[in-house]
Amino acid sequence: GDSVTQMEGPVTLSEEAFLTINCTYTATGYPSLFWYVQYPGEGLQLLLKATKADDKGSNKGFEATYRKETTSFHLEKGSVQVSDSAVYFCALSQNSGGSNYKLTFGKGTLLTVNP
Amino acid sequence: DGGITQSPKYLFRKEGQNVTLSCEQNLNHDAMYWYRQDPGQGLRLIYYSQIVNDFQKGDIAEGYSVSREKKESFPLTVTSAQKNPTAFYLCASSIPGTGTYEQYFGPGTRLTVT
């Protein structure tokens, strides 16, 4: 079946440091890929997405490129802020039969940014 | 503003009691989902519904039940048969067939059973 593997956390960075959170996936066909962010005590918010190979999703300074050859969708940000502290989830969406589309999530990576 | 509401934010129950978690959306989305989140385990799908009066089991449906009588509402009942019900529960919705299939999440309900 489909699966998503993210780098394990926690990740601790100083403000203005460069961020990379690795994500690789296993899926048949051509899934859509997503990064979601979860702030403490809240639900998930869609951060960015990419729907086909070589697409780059971007939002709020975060970027990720859909690499089919390496089955990866790594999240990057050039300069993190304290307000970026959260849990980040990589996910893929695949047609699971008929009109059913199911999201498969990684286990999440906790990011803490210190001032 | 359109969105998904879940109530209550915190819920406490005694072991052996059934409890129902509310999920309402005004996004006019056809599909709705329930996930369970435990520390370090990501999200696991409990049930989902693509249209009114129809729903399917997800990966961990045992001990849970749902109904979908209205497009806007998808309540989840945690029954006494669920062996470890304490968790954070998230409801989501989406529009099937949009091409990207992203899901939009509510703020969650933290259930504690003692």
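Lettering follows sequence order; numbering is per chain, from 1.
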Open item on the list: Quick check: closest heavy atoms across Ala91(A) and Leu103(A), and the distance to 0.1 Å?
Closed with: CB-CD2, 4.1 Å

Open item on the list: Between Tyr35(B) and Phe105(A) (judged by ring centroids, cut-off 6.0 Å), do the two rings come close enough to count as a pair?
Closed with: yes

Task: Under 4.5 Å from any heavy atom of chain B - which part of Leu46(A) - done: side chain

Open item on the list: What part of Gln37(B) gets within 4.5 angstrom of chain A, counting heavy atoms only: side chain, backbone, both, or neither?
Closed with: side chain

TODO: Please determine, among Gly108(A), Gly43(A), Gly9(A), the option with the most heavy-atom pairs under 4.5 Å with chain B.
DONE: Gly43(A)

TODO: Please go through Tyr30(A)'s hydrophobic cluster and name the other residues, only I, L, V, M, F, W, Y counting, with side-chain heavy atoms under 4.5 Å joining them.
DONE: none

Task: Phe62(A) ring center near Tyr88(A) ring center (under 6.0 Å) - done: yes

Task: Linked hydrophobic residues, Val52(B) as query - side chain contacts closer than 4.5 Å - done: none

Task: Residues in residues 107-114 of chain B that sit under 4.5 Å from chain A, counting heavy atoms only - done: Pro107(B)

For residues 12-19 of chain A, dump all side-chain donor-acceptor pairs below 3.5 Å to protein atoms at least two apart in sequence or in another chain.
none

Task: Nearest-0.5 Å distance that lies between atom CG in Leu111(A) and atom CD1 in Ile21(A) - done: 5.5 Å

Task: Heavy-atom pair with the smallest gap, counting every atom of Gln45(A) and Tyr39(A) - done: NE2-CD1, 3.7 Å

Open item on the list: For chain B, which candidate among Gln6(A), Gln38(A), Glu8(A) shows the most heavy-atom pairs at distances under 4.5 Å?
Closed with: Gln38(A)

